[in-house]
K.L.:
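Mind looking over this structure? Questions follow.
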Amino acid sequence: MRRSRLVTLALSAATSLAAVFALATPALAAPTDQYVALGDSYASGVGAGSYTTESGSCQRSTNAYPALYNAYVQPASYRSVACSGARTTDVINSQLGALSSATTLVSVTVGGNDVGFSNIMTTCVLYSESQCVAAVQAAEDKARAQLPGLLANVYNGIRGRSPSARVVVVGYPVFYQLGTLCVGLSATSRAKINEGINLVDDITRTAAGNAGFRFADVRSIFVGHQLCSYGDKWLHALNYTNIGISYHPTAAGQSGGYYPVFRNTAG
């Protein structure tokens, strides 16, 4: 083997080990943070497995991005009250109580259930392309009309309870890679679903900015790992034996996609 080849392999191995140690070694940047995680199934970790017994039907996973942040960064305190199925009103009524004036870091992923992510995917899977497109369009209309106000209510509630906290609003990944051979939904349906997710993320980003919060955009990092992509999938496809995990991030999607984006945004 040539010397140049040996050098290349050595450097590659060193880089890989550095990445592993960077992930596994607790950071020293925020050891005093009082961290609270809020939100829906994408924050609780549905689809990532290893659910805690105390979380019950909320299905909080030890592989979810908030739990990974707690494990690797080790803030002074950590509590997740994220819950599968949560809407903005659920966050306000059932989750904001976990916050206090001592809270210094908050994460929140919410809004998808308010516009009916689950119902849209059911319609798209079970019915025609035209019905799928119509369902997404109706959700887009609702998102434009209602979502900014619903999110503002959540963000105002967070700021009122934790006025000094860094707040990171975490978005959703786009489900499909387009332009590939893919069974199941039509290309038109997949493109329309992506359009709807992008709209929700863009509205959420604007609302977060208006509140003075940071937005963690996971869309780019999921490219190449979406449904219909040729890389390792970070999202569950339709799963008839466990419908609840369908279209949710896998454990790899939480660790390889959500966690690094949240970590970099949280600071």
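What you are looking at is a predicted structure, and each value in this text was computed from that prediction instead of being measured. No hydrogens, no waters, no symmetry mates; every other heavy atom, side chains included, goes into these values.
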K.L.:
Just wondering, do F175 and N194 contact through their side chains at under 4.5 Å, heavy atoms?
P.N.:
yes

K.L.:
Might you point out which heavy atoms bring S44 and A64 nearest each other, and give the distance in Å?
P.N.:
O-CB, 3.5 Å

K.L.:
Are the side chains of E195 and V136 in touch, meaning some heavy atoms are under 4.5 Å apart?
P.N.:
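No, side chains not in contact.
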
K.L.:
If I compare all heavy atoms of R219 with all of N198, which pair ends up nearest, and what's the gap?
P.N.:
NH1-OD1, 2.9 Å

K.L.:
Is Y51 linked to L68 within one hydrophobic cluster, defined over Ile, Leu, Val, Met, Phe, Trp and Tyr using a side-chain heavy-atom separation of less than 4.5 Å?
P.N.:
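No; tracing contacts between hydrophobic side chains, which count when under 4.5 Å, never links both residues.
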
K.L.:
Rounded to the nearest 0.5 Å, what separation is found between the CZ atom of F117 and the OH atom of Y247?
P.N.:
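Output value for this atom pair is 12.5 Å.
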
K.L.:
Using modelled atom types only, decide if a donor and an acceptor are shared between the side chain of R166 and the backbone of A266 within a distance under 3.5 Å.
P.N.:
yes

K.L.:
So Y65 and S107, side chain to side chain contact (heavy atoms under 4.5 Å, CB included) or not? Walk me through it.
P.N.:
CA-CA 10 Å; Y65 74 84; S107 64; 4.0 Å; yes

K.L.:
Among all residues two or more places apart in sequence or in another chain, which pass the ring-ring contact (aromatic ring centres under 6.0 Å, His included) test with F222?
P.N.:
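Partners of F222 by the ring-ring contact (aromatic ring centres under 6.0 Å, His included) criterion, ordered by chain and then number, come out as W234, Y258.
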
K.L.:
Check whether S100 reaches the backbone of A102 with its side chain - one donor and one acceptor, N or O, closer than 3.5 Å.
P.N.:
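A pair under 3.5 Å: yes.
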
K.L.:
Can you hop from V170 to V223 via hydrophobic side chains spaced under 4.5 Å?
P.N.:
no

K.L.:
Enter the distance from I193:CD1 to C132:SG here, rounded to the nearest 0.5 Å.
P.N.:
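Atom-to-atom, I193:CD1 and C132:SG are 4.5 Å apart.
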
K.L.:
Is there side-chain contact between Y240 and V125, with at least one heavy-atom pair below 4.5 Å?
P.N.:
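In short, these two side chains touch, coming nearer than 4.5 Å.
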
K.L.:
Indicate yes or no for a side-chain donor-acceptor contact from S128 to the backbone of Q131 under 3.5 Å, with no hydrogens or angles considered.
P.N.:
yes

K.L.:
Taking atom CG of L38 and atom OG1 of T109, what is their separation to the nearest 0.5 Å?
P.N.:
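Separation between the atoms: 9.5 Å.
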
K.L.:
Donor-acceptor check, side chain of Y172 to backbone of G112, threshold 3.5 angstrom: yes or no?
P.N.:
yes

K.L.:
Give a yes or no on whether the backbone of L99 and the side-chain of S162 come within a donor-acceptor separation of less than 3.5 Å.
P.N.:
no

K.L.:
Short question: side chain of S61, backbone of V46 - any donor-acceptor pair under 3.5 Å?
P.N.:
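Here the side-chain-to-backbone pair does not exist.
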
K.L.:
Are R190 and C182 packed together at the side-chain level, in the sense that at least one heavy-atom pair is separated by less than 4.5 angstrom?
P.N.:
yes

K.L.:
For a quick test of reading the model, state the closest non-hydrogen atom pair linking Q254 to Y42 and the distance between them.
P.N.:
NE2-O, 3.1 Å

K.L.:
Could you grab the distance from atom CZ of R159 to atom CZ of F213, nearest 0.5 Å is fine?
P.N.:
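Between atom CZ of R159 and atom CZ of F213 there are 4.5 Å.
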
K.L.:
Please check this pair: side chain of N239 against backbone of I245, looking for a donor-acceptor N/O pair closer than 3.5 Å.
P.N.:
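No; judged by distance alone, with no hydrogens or angles, the pair does not exist.
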
K.L.:
Return a table of donor-acceptor pairs under 3.5 angstrom between the side chains of residues 146-158 and protein atoms on other chains or two or more places apart.
P.N.:
residue : atom : partner : partner atom : Å
N153    : ND2  : G149    : O            : 3.4
N156    : ND2  : A152    : O            : 3.2

K.L.:
Is any side-chain heavy atom of T104 closer than 4.5 Å to a side-chain heavy atom of T32?
P.N.:
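SC-SC contact between T104 and T32 ruled out.
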
K.L.:
Does D232 have more than 12 heavy atoms from other residues, nucleotides or ligands lying within 6.0 Å of its CG?
P.N.:
no

K.L.:
Indicate yes or no: at least one non-hydrogen side-chain atom of L105 is less than 4.5 angstrom from one of Y69.
P.N.:
yes

K.L.:
To the nearest 0.5 angstrom, please state how far the CG atom of L238 sits from the SG atom of C124.
P.N.:
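SG of C124 is found 11.5 Å from CG of L238.
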
K.L.:
Is it possible for you to say whether I243 and L126 belong to one hydrophobic cluster, with membership spreading through side-chain heavy-atom contacts below 4.5 Å?
P.N.:
yes

K.L.:
Identify whether Y127 and I120 are in the same connected component of the hydrophobic contact network (ILVMFWY, side-chain heavy atoms under 4.5 Å).
P.N.:
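Yes.
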
K.L.:
Do L235 and P173 come close enough that some side-chain heavy atom pair is under 4.5 Å?
P.N.:
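They are in contact (side-chain heavy atoms under 4.5 Å apart), so the answer is yes.
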
K.L.:
Closer than 4.0 angstrom, basic N to acidic O: yes or no for D202 and R205?
P.N.:
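Counted as a salt bridge, because a side-chain N and a carboxylate O are separated by less than 4.0 Å.
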
K.L.:
Please give me the minimum heavy-atom distance between A165 and V106, naming the atom from each residue.
P.N.:
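Answer, listing the atom of A165 first, then V106: CB-CG2, 4.0 Å.
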
K.L.:
For the backbone of G244 and the side chain of H248, can you confirm whether one donor and one acceptor N or O come within less than 3.5 Å of each other?
P.N.:
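Yes.
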
K.L.:
Just do the side chain to side chain contact (heavy atoms under 4.5 Å, CB included) check on R161 and T103 with the steps written out, would you?
P.N.:
CA-CA 9 Å; R161 288 179 175 268; T103 304; over 6 Å; no

K.L.:
Working to the nearest 0.5 Å, report the span between CZ of R79 and CD of Q34.
P.N.:
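It comes to 13.0 Å.
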
K.L.:
Determine which pairs satisfy salt bridge (charged side-chain N to carboxylate O under 4.0 Å, His left out) with at least one residue from residues 51-73, sequence neighbours left out, and list them in order.
P.N.:
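Every pair satisfying salt bridge (charged side-chain N to carboxylate O under 4.0 Å, His left out) with a residue in residues 51-73: E54-R60.
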
K.L.:
Can a donor-acceptor pair be found, under 3.5 Å and without considering hydrogens, that links the side chain of T250 to the backbone of A48?
P.N.:
no

K.L.:
Between the main-chain N or O of V174 and the side-chain N or O of Q226, is there a donor-acceptor pair closer than 3.5 Å?
P.N.:
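Confirmed, Q226 side chain pairs with V174 backbone.
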
K.L.:
Do you know the tightest heavy-atom contact between H236 and G47?
P.N.:
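Here H236 and G47 meet closest at NE2-O, 2.7 Å.
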
K.L.:
Can you give me the closest heavy-atom contact between A216 and V261, atom names plus distance?
P.N.:
CB-CG1, 3.8 Å

